[in-house]
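Just passing along the structure, written as structure tokens.
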Amino acid sequence: MNELPLLMDFYDKKAVSIGVHDKGTLFRGEGAIYEGVTHWLIALIWCERKHERGWKVSVYPTCPEKPFWYLSPFFETEVLHPFEIAFKISQILVSHSKRDVLTKKLFIHEMNRLSRMQRA
């Protein structure tokens with residue numbers, strides 16, 4: 001990738017439908033909070049902290065009649081990443097959501113591998 005998009009505040013992706021298993025897990029955990037939730041919004045958000053800056057990856061449960069930030073993120077990375085790594089993490093999350101296993105958080109292992117590659 002020679003040229004990155006000029007998006008310094010928010011890089012959004014298309015929402016992904018929440019599968020039956022993930023939806024069931026959400027409703028068992030928090031119940032009414034997630035009523036009406038139909039999709040995951042997997043977003044890359046630019047952050048600047050005291051001694052670091054980069055992209056964090058956030059997964060928002062969304063519903064059609066409310067803004068994406070109505071609910072807190074279901075998951076978000078703590079570490080800030082360069083765009084290329086954050087984008088790869090978002091692709092991993094999309095893959096897990098399409099397989100209806102996002103709530104199992106099996107993606108943590110893949111994300112840790114990417115983070116180790118980034119530090120090397």
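Counting begins at 1 with the first residue of the sequence. Excluded from the calculations below are hydrogen atoms, water molecules and symmetry mates; all remaining heavy atoms, backbone and side chain alike, are included.
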### Message
I'd like to check W55 versus P82 (side-chain heavy atoms, cut-off strictly below 4.5 Å). Are they in contact?
### Response
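No, their side chains stay 4.5 Å or more apart.
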#### Entry: Min side-chain heavy-atom separation F87-H81 under 4.5 Å
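Of all side-chain heavy-atom pairs linking H81 with F87, none is under 4.5 Å.
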### Task
Please report the closest heavy-atom contact between K56 and L80, naming both atoms and the distance.
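Shortest heavy-atom contact: CB-CD2, 3.9 Å.
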### Atom pair OG1/NZ of T25 and K105 - distance to nearest 0.5 Å
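Reported to 0.5 Å precision, the distance equals 11.5 Å.
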### Query
If every non-hydrogen atom of D100 is compared with every non-hydrogen atom of V20, which pair is closest and at what distance?
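Nearest pair, atom of D100 first, then V20: OD2-N, 3.2 Å.
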### Message
Taking side chain to side chain contact (heavy atoms under 4.5 Å, CB included) as the definition, give me every residue that meets it alongside E78, ordered by chain and number, with sequence neighbours left out.
### Response
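Once residues adjacent in sequence are excluded, E78 has no partner under the side chain to side chain contact (heavy atoms under 4.5 Å, CB included) criterion.
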### Distance (rounded to the nearest 0.5 Å) between K23 NZ and R28 CZ
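Answer rounded to 0.5 Å: 13.5 Å.
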### Query
Counting distance only, does the side-chain N/O of S58 pair as donor-acceptor with the main-chain N or O of E76 below 3.5 Å?
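No; judged by distance alone, with no hydrogens or angles, the pair does not exist.
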### Task
Check the hydrophobic clustering (I, L, V, M, F, W, Y; side-chain heavy atoms under 4.5 Å; chains of links allowed) and say if L106 and V94 are grouped together.
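No, separate clusters.
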### Task
State, to 0.1 Å, how close D22 and I18 come at their nearest heavy-atom pair, and which atoms those are.
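Heavy atoms only, the tightest pair is CB-CG2, 3.8 Å.
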### Task
Flag the pair L102 / F75 as yes when at least one side-chain heavy-atom distance between them is below 4.5 Å, and no otherwise.
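Answer no - side chains too far apart.
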### Task
Search all heavy atoms of C63 against all heavy atoms of G36 and return the closest pair with its distance.
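Looking at all heavy atoms of both residues, the shortest contact is CB-O, 3.0 Å.
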### Message
Are V101 and L93 connected into the same hydrophobic cluster when the rule is that any two of I, L, V, M, F, W, Y join if their side-chain heavy atoms are below 4.5 Å apart?
### Response
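L93 and V101: separate clusters.
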### Query
Of the non-hydrogen atoms in A86 and V57, which two are nearest, and what is the gap between them?
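Shortest heavy-atom separation between A86 and V57 comes out as O-CG2, 3.5 Å.
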### Message
Measuring only between side-chain heavy atoms, which start at C-beta, is K98 closer than 4.5 Å to W40?
### Response
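No, their side chains stay 4.5 Å or more apart.
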### Task
Flag the pair K104 / H21 as yes when at least one side-chain heavy-atom distance between them is below 4.5 Å, and no otherwise.
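K104 vs H21: side chains touch.
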#### Entry: Side-chain heavy atoms of L71 within contact of Y60, under 4.5 Å
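They are not in side-chain contact.
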